[in-house]
Amino acid sequence: MTIARDPEIRRIAARILVAQAAMTMLIAVLCLVVWGRVHALSALAGGLIGLIANAYMTLTVLHAPVDSAAGALGRLVFGQMVKVVLTVGGLLLVVRGGWANWPALLSGYAATLFLYWRVPVIDTRKRRPKD
């Protein structure tokens, strides 16, 4: 069975993307209420940069079955490479715009990174048999 055909992997990937989108919106709303529009847009931009890059990588890796482990690894490496390019490109676009509040932007981005690693851990703990 290849990773792309495993429904459990697809479910976890979908949960990560949904959690990232929800957290991005939550941080943006919190920034809007506490600090205002620029902070909210900055947090939203940071979260979207992380979310879009991760969504691209996820779709690249899981979109179709592969015939070998080498093919899966190649797809994963390519997806990660494009994820980095999308992230750097998104950050450069914000830098060129000159409007962002960087602590808010980086908070939104960091939240997506945190959830990328945290959601699978939570999911695994929920399914682990109790002793």
Item to complete: Look up atom CG in L48 and atom CE in M25, then write down how far apart they are to the nearest 0.5 Å.
Response: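 These two atoms lie 8.5 Å from each other.
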
Worksheet item: For the atom pair CG (L92) and OG1 (T87), what is the distance rounded to the nearest 0.5 Å?
Response: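 Going from the CG atom of L92 to the OG1 atom of T87 covers 11.0 Å.
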
Do side-chain atoms of [X] reach the backbone of [Y] as a donor and acceptor pair under 3.5 angstrom?
{"X": "R15", "Y": "V119", "result": "no"}
{"X": "S42", "Y": "N101", "result": "yes"}
{"X": "H63", "Y": "T60", "result": "yes"}

Discussion item. If you apply the rule side-chain contact (heavy atoms from CB on, under 4.5 Å), what do you find for I16 with L115, and how did you get there?
Written reply: CA-CA 7 Å; I16 291 169; L115 290 171; 5.6 Å; no

Can you see which heavy atom on [X] is nearest to which on [Y], and at what distance?
{"X": "G47", "Y": "T24", "result": "CA-OG1, 3.4 Å"}
{"X": "T58", "Y": "A13", "result": "CG2-CB, 3.7 Å"}
{"X": "A72", "Y": "V66", "result": "CB-CG2, 3.7 Å"}
{"X": "A100", "Y": "L105", "result": "CB-CD1, 4.2 Å"}
{"X": "H39", "Y": "A104", "result": "O-CB, 3.5 Å"}
{"X": "L86", "Y": "I52", "result": "CD1-O, 4.5 Å"}

State plainly whether one hydrophobic cluster holds both [X] and [Y], where clusters connect Ile, Leu, Val, Met, Phe, Trp and Tyr through side-chain heavy atoms under 4.5 angstrom apart.
{"X": "I49", "Y": "L59", "value": "no"}
{"X": "V95", "Y": "L106", "value": "yes"}
{"X": "L62", "Y": "Y116", "value": "yes"}

Worksheet item: Of the options V34, L26, L32, which is the one that meets L30 in a side chain to side chain contact (heavy atoms under 4.5 Å, CB included)?
Response: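 For L30, the side chain to side chain contact (heavy atoms under 4.5 Å, CB included) check succeeds only for V34.
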
Worksheet item: More than 12 non-hydrogen atoms from neighbouring residues, nucleotides or ligands closer than 6.0 Å to CH2 on W99, yes or no?
Response: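 Check passes, neighbour count above 12.
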
Practice prompt. Start with the C-alpha gap between M57 and V82, add the side-chain angles, then the distance that decides, and say whether side-chain contact (heavy atoms from CB on, under 4.5 Å) holds.
Written response: CA-CA 7 Å; M57 189 204 61; V82 173; over 6 Å; no

Worksheet item: side-chain contact (heavy atoms from CB on, under 4.5 Å) between Y109 and I27: does it pass, once the steps are laid out?
Response: CA-CA 10 Å; Y109 179 74; I27 291 172; over 6 Å; no

Item to complete: Please step through side-chain contact (heavy atoms from CB on, under 4.5 Å) for the pair K83 and Y56, ending with a clear verdict.
Response: CA-CA 7 Å; K83 181 179 178 178; Y56 179 84; 6.0 Å; no

